[in-house]
2 protein chains.
Amino acid sequence: MNVRHLTFRLLQVYVAVVRSGSVSEAARQLHLTQPTVSQQLRRLAEAVGEPLLKSGHGRLNTTEAGRELYRASREVLSRFDDFEDYLEALRGGKRGRFSIALVNTAQYVLPRLLGPYSHAFPDVDVTLHVGNRRQMLTRFERQDDDLYVFSHPPSLAHALAGRFLRNPLVVVAPQGHPLAQRERIGMGELLEERFLLREPGSATRMMFESWLQEHGLSLGPTLQMASNEAIRVGVAAGMGLAVLSEHVLPPEHPDIAILPVADFPIESHWQFIVRRDRRLPHAALGFLSFAAGHLDECVETRFVANELAGLLMGLEAASEPS
Amino acid sequence: MNVRHLTFRLLQVYVAVVRSGSVSEAARQLHLTQPTVSQQLRRLAEAVGEPLLKSGHGRLNTTEAGRELYRASREVLSRFDDFEDYLEALRGGKRGRFSIALVNTAQYVLPRLLGPYSHAFPDVDVTLHVGNRRQMLTRFERQDDDLYVFSHPPSLAHALAGRFLRNPLVVVAPQGHPLAQRERIGMGELLEERFLLREPGSATRMMFESWLQEHGLSLGPTLQMASNEAIRVGVAAGMGLAVLSEHVLPPEHPDIAILPVADFPIESHWQFIVRRDRRLPHAALGFLSFAAGHLDECVETRFVANELAGLLMGLEAASEPS
DNA sequence: TCAACCCATAGAGAATTAACTATAGTAGAT
DNA sequence: ATCTACTATAGTTAATTCTCTATGGGTTGA
């Protein structure tokens with residue numbers, strides 16, 4: 001017989017016997033009968049090929065080989081205890097890693113959540129992937145990430161969603177724009193202005209365009225720019241108007257005005273999306289719980305739209321039967 | 001299912017899979033079929049309670065939990081490899097411990113063997129127990145030691161014996177004793193002299209007394225002394241005569257003369273005795289082999305009577321069937 | 001698109017294990 | 001010397017494990 005077929009259980013039994021110096025005592029401790037323990041010992045000794053114990057004045061003592069096996073067993077068992085601790089931390093979401101795929105615009109707010117979270121769970125590695133909606137969709141299709149943040153989720157057939165943040169789209173103009181004084185503006189009045197737009201894959205642009213379509217309008221001159229930042233700076237510099245997420249604007253924005261356009265802001269919500277066909281890392285679940293509990297503290301209340309409790313319940317229900 | 005029933009084999013399989021990044025490849029390496037390995041992996045994952053592997057571009061990669069399990073497995077397996085090395089050293093007699101029980105007189109020569117032996121096998125602990133014959137007998141009865149050195153073995157019913165050294169008993173007198181000049185002396189002529197004797201439990205004394213009995217003689221005045229050393233010094237100081245093992249005398253002994261008494265020296269042999277009902281430590285066996293091979297180099301040739309080969313053969317035969 | 005390769009699952013049989021009860025031998029303690 | 005507690009052995013049973021073959025689904029590369 002070889003050492004390969006030894007179980008950890010066997011080592012536990014052996015350690016208990018050596019520690020107590022008695023087969024019977026070990027059996028009591030382990031809630032086994034004495035012959036069972038005797039038999040295990042014999043099996044172990046056979047596997048090792050050397051006697052392990054000898055009786056000496058009243059108790060069992062180890063032989064040389066037995067002493068070394070005891071040491072090895074202790075080390076091995078404690079190594080696996082450590083492993084179980086690790087597992088527990090993993091399961092508790094206190095450790096591990098997960099990745100989030102974000103649409104561009106959301107990168108302005110998500111750090112407000114991730115900062116406090118990382119502080120509370122320093123042993124979790126979070127990877128962020130940022131891109132426009134189209135890129136995020138392909139990542140979603142390929143199941144590249146654990147969590148996704150979308151305004152408008154793709155098909156929810158294989159996914160669960162939970163809103164957490166308002167994402168109002170507003171029309172912005174340079175400070176001092178003539179219409180900035182007005183109390184109410186119709187979009188029709190703006191169509192002659194030049195609009196700065198994101199690239200076609202962008203969510204912001206898609207939402208704006210579908211709004212236009214619903215209202216039977218179409219834009220005049222446009223200019224395409226690669227990022228929200230570029231557009232914001234462009235608007236401030238008087239290059240034109242734009243529709244942007246309010247989150248893109250800094251808290252103080254003296255060089256930019258929000259125009260009170262009718263039927264604006266365009267209301268949308270960011271939501272966390274979780275694929276149901278991909279096992280969610282415990283850490284990601286922990287992050288969602290954290291977000292559900294600390295959203296109010298992390299972002300301005302006027303943006304909060306915390307519907308994560310429902311998502312969490314859905315996830316629990318989904319993980320139960322597995 | 002719990003982690004307790006995991007076998008080392010399972011960990012070996014797991015390590016092979018992680019290392020090669022492929023179930024099939026691991027199966028080939030381990031001379032198993034692929035489904036076998038798959039099943040083992042499933043069992044392991046069930047025991048751990050977490051997924052361990054995920055497939056990523058062309059090969060299997062570990063999850064977080066899997067990576068940690070891999071580390072733990074590697075450490076555990078290598079710890080047991082060390083243990084096997086230890087066992088091998090133990091079995092090779094290169095390491096370990098054993099004890100020898102010696103009759104007093106033999107302590108003058110045994111260090112000549114033990115010195116070179118300890119030098120050659122520095123990791124073996126040898127314990128010596130020295131006493132007179134009676135004390136050694138009780139140790140022998142109680143099975144206290146691994147090896148025993150006697151002149152006349154006790155019952156050999158449960159023991160094997162192998163002679164290795166002549167132990168001639170000679171009559172000694174102070175240098176300048178009148179009879180020291182004679183070429184041949186009868187013991188009868190010495191009976192009026194005072195004899196210095198060891199205590200009754202001593203082997204030397206017993207042998208001398210039984211020699212006297214066989215020759216129908218009995219001693220005159222005697223004086224009992226606790227040790228061979230005391231007797232040797234006493235004789236040199238002119239307190240009387242004595243019968244001593246030649247080994248007790250230093251190589252040069254200007255103050256002591258050996259008397260040419262008829263029927264002397266009393267011939268006897270020291271032998272190693274090994275109980276057959278007690279498992280002999282590998283190190284003790286190693287020592288006997290060493291003694292068998294190096295006796296000539298360690299003690300004066302005129303004392304050598306190396307019959308240890310027979311003992312070793314007997315031991316091998318005894319350990320085979322176990 | 002097809003072939004090749006990989007992995008997972010199902011099913012089955014032999015072997016092993018884990019645990020028990022009952023019993024006998026040993027060794028300490030009174 | 002007897003009693004008691006401890007250990008070892010035997011015999012048994014249910015569960016588990018180990019390994020196989022056969023098969024089906026999925027990826028990848030030609």
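Model, not experiment: these values are computed from the prediction. Per chain, numbering begins at 1; letters A, B, ... match sequence-line order.
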Considering residues at least two apart in sequence or located in another chain, which fulfil the side-chain contact (heavy atoms from CB on, under 4.5 Å) criterion with A:E199?
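So A:E199 forms a side-chain contact (heavy atoms from CB on, under 4.5 Å) with A:N132, A:S202, A:Q224.
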Taking only residues two or more places apart in sequence or in another chain, which ones pass side-chain contact (heavy atoms from CB on, under 4.5 Å) with A:E88?
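Applying side-chain contact (heavy atoms from CB on, under 4.5 Å) to A:E88 gives none.
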Atom [atom1] of [X] to atom [atom2] of [N]: distance rounded to whole Å?
| X | N | atom1 | atom2 | value |
| --- | --- | --- | --- | --- |
| B:L10 | D:dT19 | CG | C1' | 14 Å |
| A:R43 | D:dT17 | CZ | P | 13 Å |
| B:L30 | D:dC20 | CG | P | 11 Å |
| B:L52 | C:dA8 | CG | P | 11 Å |
| B:L44 | C:dA8 | CG | P | 13 Å |
| A:L6 | D:dT16 | CG | P | 20 Å |
| A:L41 | D:dT7 | CG | C1' | 10 Å |
| B:H5 | D:dA15 | NE2 | P | 14 Å |

Can you list everything that forms a side-chain hydrogen bond (donor to acceptor under 3.5 Å, both in side chains) with A:T36? Sequence neighbours excluded, please.
A:T33
Please name all residues satisfying side-chain hydrogen bond (donor to acceptor under 3.5 Å, both in side chains) with B:R133, sequence neighbours left out, ordered by chain then number.
none
Quantified as the angle between the terminal helix axes (five pairs each), what is the overall bend of the helix from C:dT1-D:dA30 to C:dT30-D:dA1 to 10 degrees?
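The value is 40°.
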side-chain N/O [X] vs [N] OP1/OP2, d < 4.0 Å:
| X | N | answer |
| --- | --- | --- |
| B:S38 | C:dT9 | no |
| B:R42 | C:dA8 | no |
| B:R9 | D:dT17 | no |
| B:S22 | C:dC7 | yes |

Taking only residues two or more places apart in sequence or in another chain, which ones pass ring-ring contact (aromatic ring centres under 6.0 Å, His included) with B:F80?
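Partners of B:F80 by the ring-ring contact (aromatic ring centres under 6.0 Å, His included) criterion, ordered by chain and then number, come out as B:F8, B:F83.
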Residues in ring-ring contact (aromatic ring centres under 6.0 Å, His included) with A:F121, at least two apart?
A:Y117
For nucleotides 20-22 of chain C, print each protein N/O atom paired with a nucleotide N/O atom at under 3.5 Å, atom names and distance only.
from: C:dC20; atom 1: OP2; to: A:T33; atom 2: N; distance (Å): 3.0
from: C:dC20; atom 1: OP2; to: A:T33; atom 2: OG1; distance (Å): 2.9
from: C:dC20; atom 1: OP2; to: A:T36; atom 2: OG1; distance (Å): 2.9

Do A:R74 and A:R71 have side chains that get closer than 4.5 Å, going by heavy atoms?
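No, side chains not in contact.
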Looking at residues 62-73 of chain A, who's got a heavy atom less than 4.0 Å off DNA chain C?
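When residues 62-73 of chain A is checked for heavy atoms under 4.0 Å from DNA chain C, there are no hits whatsoever.
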I'd like to check the salt bridge (Lys or Arg N to Asp or Glu O under 4.0 Å) partners of [X]; sequence neighbours left out, ordered by chain and number.
| X | value |
| --- | --- |
| B:E25 | B:R28 |
| B:R97 | A:E64, B:D125 |
| B:R79 | A:E68, A:E75 |

Ring centroid separation B:F272 to B:F164 under 6.0 Å:
yes
Side chain to side chain contact (heavy atoms under 4.5 Å, CB included) assessment of A:F287 paired with A:L114
CA-CA 8 Å; A:F287 172 68; A:L114 281 171; 3.6 Å; yes
